[in-house]
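Comments concern the structure below.
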Amino acid sequence: MNNLNQKSIELQINNILKQNGLPEQEFFIWNSLPFSGVSGTSTSFFQYAATIARRYKNGEITLPSLPLNAQDISNLIVENLDLPPLYSNVEAAKGYLNFYYSQSQHYQQVVDNVLNQGEKFGWGEAKGERILVEFSQPNTHKAFHVGHLRNVVIGDAICNILEAAGYDVVRANYINDTGLHVIKWLWNYQKRHMGERPGEDKTRWMGDLYAEANHKMEESPEAEAEVRALFTRWDQRDEEVMALWRESRQWSLEGFDQIYELLGVRFDHIFYDHELEKPGQKLVEDLIQKGIAIDERPEGPVIIRLDDLLGLNKETYRVLVILRSDGTSLYATKDLPLAISKFEKFNPDRSVYVIDVRQSLYLQQIYKTLAVMGHSDWAERCYHLSYEIVNLPGNVTIASREGTVVLLEDLVREAENRALDVVKEKNPELSAEIMQNVAHMVALGAIKYPMLARDNNKIVTFDWKSALDFNGQAAPYIQYAHVRANSILRRLEGPLPESFAPQYSMEPSEVQLIDLISRLPGEIQRAAQEYKPLHLTNLAYELARAFNDFYMQCPVLKAEPEVSSARLRLVAAARQAIANVLHILGIAAPEVM
RNA sequence: GCCCCCAUAGCUCAGUGGAUAGAGCGUUGCCCUCCGGAGGCAAAAACCCGCGUUCGAGUCGCGGUGGGGGUACCA
C-alpha cells in the first residue's frame, strides 16, 4: 500500500532530477521517520549527493549550476514535488527528504486494513515455497529441562513466523529413542528398578533414572562392560531387551506429549531414531563401497575424511565418524538417512535444523557429506538455525547427566503459582476456573518470552528470580495491554463505528500507535528472512508500550463522539495487532487477567 | 594449533551504514474524584582497545584484549 505511494514519489523525484539535468537515482531506501509523535517515511540524500559529487569530480557529469549540495538538491525536490494525498507535508532536513503522512488518511488506511484482515493482519502472500523445520529433537529416557525449552520455543515461533510470512511449513520432530543414553537407562532399570512404573510426571522419573545410571556407572568399574554388552544385545534385537525398550520408550513419548500439549506446540511429522538405524548402517556400507568412507574396523571406526575428499589443505570439515568400531550406530549414522528422507518425503525448498551452536561443525559435516554423496542440490538447501544454549547463573551448563537441571515441569508449576497469586490479588472476582486459565497463559508467556527476546546467538542465563518476575519488559506486560484494549471494547454497546477519516488533530501517542501497528507485516517478513523471532518480540513490546501510553493520555469512551469513534477503531486495531503478534510468538493473549 | 560466537548504563538486553544510541531491572522523586495501577511521568547512568573502509561506523574490514564454545568412535 505504502509502496505504491513511495514508487510514485520516486518517479516524481527522478523526473525533477532529469528536468534539471541531474542523473537519476537508481534506488531509494525508505525508512520510518525516527521522530516520535509523528509518522511518515523518509529517504536519505547523502548517498545520492555523494555519488553526484564523485562523478562530478571524475568529470563524468557536468553540473548545471554550482555549488550544488545535498540540501540544494533536496530543496529542489521539495519545491517541485506534487504530494500524493496520503501525505500532508514534505521537508528537506539534514540531507533527508522527510514525508509526513496526513494523519487522517494514514489512520484510515492502517486501521481499516487491520480490521478488514483480522487474524490475518500481518500475513504475507503465499510464496509457493516449502520449508521443513526440524526442532525439539528430544532424547527419550532423559529429562526435559529449560535448555530444551529454548529449542522448542524458537522452533515453534520460527514455524509460525515462516507460515505468516507466506511459506508452506512442515513442522518436524526427530525423537532420539535409541543410542547409548537409552542403553544406560535400560541397564540401570534392569539392575535397580525392575517392575517399577512412572508416576504422573513421566519425564521427571525417566530423567531421574538416567541421572542415577550415570552416577552408578562412575561408581562401579564393571558397569561399562555391562552397558556395552547390553548395547550389543540391543543391536542384535534381543527380544527381552527390545520389549523393555518398547515399554520404557513409550513412557518417555507419553511424557513428551504432555510437555508439547502444555507448551501448545504441534508437529506435522515425527521421525524416530530407531527407524533410521538400520538404513543408516546400510548407507555406511554403501559409502565404504563407493570409496567415500574409510573402514578402519576392527581397530578403528568408519570415517569420512572430508577435507581430503574436498581437496582442502587447511583443516575445515575435518573427519566425520559415521559408525563405531563395534558396528553400533552414532548420530551421524542416522542423520544422513534422515536428511535424505526429508527430501524424499517432503521435497522442501529449504530444510532447516534448529539445533544449538555446539553442533555447528557437525552439521556442516553432514551437509558436506550429502554433497560428496552426489546430493549437492539437497546440501545447498540445508540450513542450520543455530542458537546459543541456556546456562545457569555463573555460566554453569545445564547437564542432564549431572542433574544440574531446572525441569520444565517445575518451572511451569512455580510460574503458575506465582501468576495465580497475582491474579487473585488483581482480579478477585474472576471464577476459579478463569483464574487458573489466566495463570497458565501468563506463566507460559513469561517463560517463553525471554527465550525469544534475545538474539539467537546470545546465551540465555536462567535464574528463578527473573523467570518469575512478571514486571517490565516481559510477556505479561504485553498481555496486559491486550487486556486493557479488550476491556474498553467490552464496554462498547453495539457494533464498532464504521470506517471514516477523522478530522480532529491527533495526539502524538495516537500517531505513534498507528505507526507501530503498520509495521507488523514488514517485521514478519524480516523475522522470517533472518530467522529471528527477536524482531517480533521487540515489536510486540513496543506496541504494548505505545498502547499503554495512548491509554493513559487519550480517553476513548468519554471523548467527543468523532474522537471516540476514531479511538474505538484504533483500540480494536491495536488489540488485533497485539493478539496477532503474540499468537505468532506462541504466546496466548488473554481477555482478562 | 585451527575454527566459531560474545563484549553497549551498576545488572539483563535492544539498536535496517544515517538524524539527539533506546528499554527493562535496580536506585531516587512523583501520579489513582479518570475506560483496570500487572500501569504512567521524571532523574542519574553506556558503545572493550587500536588501525582502516566510508560523505557518515555501536553497526563493515583487519589486528589486539577479555570471556564462552567446537575440534575422530558423546549428543
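First the proteins, then the strands, lettered A, B, ... as listed; each starts at 1.
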Which of the following nucleotides, B:C35, B:A38, B:G40, is nearest to the side chain of A:P476? B:A38

Side-chain donor/acceptor of [X] to base of [N], under 3.5 Å:
X	N	result
A:S325	B:C73	yes
A:S44	B:A19	no
A:R318	B:C3	no
A:D421	B:A38	no
A:N427	B:G36	yes
A:E315	B:G1	yes

Closer than 4.0 Å, any side-chain N/O of [X] to the OP1 or OP2 of [N]?
X	N	answer
A:R324	B:A72	no
A:N457	B:C6	yes
A:Y480	B:A38	yes
A:K458	B:C6	no

For RNA chain B, whose closest nucleotide is more 5', that of A:K94 or that of A:Y362? A:K94

Can you tell me, in whole Å, how much space there is between the C1' of B:G29 and that of B:U8? 27 Å

Interatomic distance, [X] atom [atom1] to [Y] atom [atom2] [nearest 0.5 angstrom]:
X	Y	atom1	atom2	answer
A:T333	A:R324	OG1	CZ	8.0 Å
A:K426	A:M435	NZ	CE	13.0 Å
A:K458	A:L534	NZ	CG	8.5 Å

